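Working notes, beginning with the structure itself.
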Amino acid sequence: MAGSKNTPAKKVGAAGRRKKSKSAKPNFKTYIHRVLKETHPTIGITKKSMGIMNDLVVDMMDKLAAEAKTALEKSGKGKTLKEWHCNTATKLVLPGELQKHGVSEGIKAMSNYRRK
């Protein structure tokens, strides 16, 4: 019954195999909205502005991950990404005051994680 109303039909490619779906871009919109409402409860954000903020966060995460990966490869001591790799990446990617806040928030998050 792969074509009835209740069960969706499977996507099949030319060779009779399932099609690979595109990997979805990460979405931080809910988290951005939560932080906005926590800091400024009366202010809203348009859909276009939210898209720009999401792209900014995704781009920053990509840069941080790439830099941490580079630090991991340079150390050559293993395949596990450690806390200091992320701290180094944060110090290299983010400017000035954001760097200090990023490192302190990362340390705070790691201490909360270890506590659980």
Side-chain angles (χ1 to χ4, degrees):
M1 276 194 150
S4 69
K5 290 181 182 180
N6 294 337
T7 57
K10 294 180 182 178
K11 294 180 181 178
V12 179
R17 289 174 276 157
R18 281 184 146 195
K19 284 185 180 180
K20 286 186 179 180
S21 62
K22 281 188 176 181
S23 60
K25 190 169 99 173
N27 190 346
F28 294 97
K29 292 177 181 178
T30 55
Y31 308 110
I32 293 168
H33 196 265
R34 281 184 197 169
V35 170
L36 175 68
K37 288 302 172 186
E38 197 174 287
T39 54
H40 301 287
T42 59
I43 296 177
I45 188 167
T46 63
K47 192 173 184 178
K48 188 174 181 179
S49 298
M50 182 61 82
I52 291 168
M53 287 298 296
N54 187 53
D55 290 343
L56 178 89
V57 173
V58 168
D59 185 47
M60 190 60 61
M61 292 292 287
D62 286 343
K63 286 180 184 179
L64 287 169
E67 196 63 48
K69 181 179 176 253
T70 303
L72 176 65
E73 289 170 348
K74 283 183 182 178
S75 69
K77 293 183 180 179
K79 296 179 180 178
T80 306
L81 196 63
K82 306 260 183 195
E83 180 181 353
W84 70 270
H85 292 115
C86 296
N87 281 343
T88 304
T90 303
K91 289 176 184 176
L92 291 172
V93 172
L94 297 176
E97 196 69 25
L98 282 175
Q99 173 190 64
K100 293 174 189 172
H101 286 292
V103 170
S104 67
E105 289 295 320
I107 291 169
K108 189 168 78 173
M110 285 304 295
S111 66
N112 286 340
Y113 175 75
R114 287 187 186 129
R115 208 177 313 153
K116 290 181 181 180

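For this chain, numbers begin at 1 and follow the sequence in order. For clarity, every value in this text was computed on a predicted model and none was experimentally measured.
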Tracing side-chain contacts under 4.5 Å among Ile, Leu, Val, Met, Phe, Trp and Tyr outward from L92 reaches none
Hey, quick one: are F28 and M53 part of the same hydrophobic cluster, counting side-chain heavy atoms closer than 4.5 Å, chains of contacts allowed? yes
Quiz prompt | Test log, rule side chain to side chain contact (heavy atoms under 4.5 Å, CB included), inputs H85 and S75 | solution = CA-CA 9 Å; H85 292 115; S75 69; 3.6 Å; yes
dist I107:CD1 -> T90:OG1 (nearest 0.5 Å) comes out at 9.5 Å
Residues 101-115 vs salt bridge (charged side-chain N to carboxylate O under 4.0 Å, His left out), sequence neighbours excluded, gives E83-R114, E105-K108
To the nearest 0.5 Å, atom OG1 of T30 lies from atom CG of N54 at 9.0 Å
### Donor-acceptor contact below 3.5 Å, side chain H101 vs main chain L98
no
If you define the side chain from C-beta out and look only at heavy atoms, does anything of C86 sit under 4.5 Å from M110? no
Residues passing the side-chain hydrogen bond (donor to acceptor under 3.5 Å, both in side chains) test with T46, sequence neighbours excluded, are S49
| request: Give a yes or no on whether V58 and I32 share a hydrophobic cluster (residues Ile, Leu, Val, Met, Phe, Trp, Tyr; joining criterion: side-chain heavy atoms under 4.5 Å apart). | output: yes
What donor-acceptor contacts under 3.5 angstrom involve side-chain atoms of residues 33-43, with partners at least two apart or in another chain?
from	atom 1	to	atom 2	distance (Å)
K37	NZ	P41	O	3.3
K37	NZ	I43	O	2.8
T39	OG1	V35	O	2.9
T39	OG1	L36	O	3.2

*asked:* Grouping I, L, V, M, F, W and Y whenever their side-chain heavy atoms are under 4.5 Å apart, do V57 and M50 come out in a common cluster?
replied: yes
Residue set satisfying side-chain hydrogen bond (donor to acceptor under 3.5 Å, both in side chains) with Q99, at least two apart, ordered chain then number -> none
Could you list the donor-acceptor pairs under 3.5 angstrom formed between side-chain atoms of residues 59-74 and any protein atom two or more places apart in sequence or on another chain?
from	atom 1	to	atom 2	distance (Å)
K69	NZ	E73	OE2	3.1
T70	OG1	A66	O	2.9

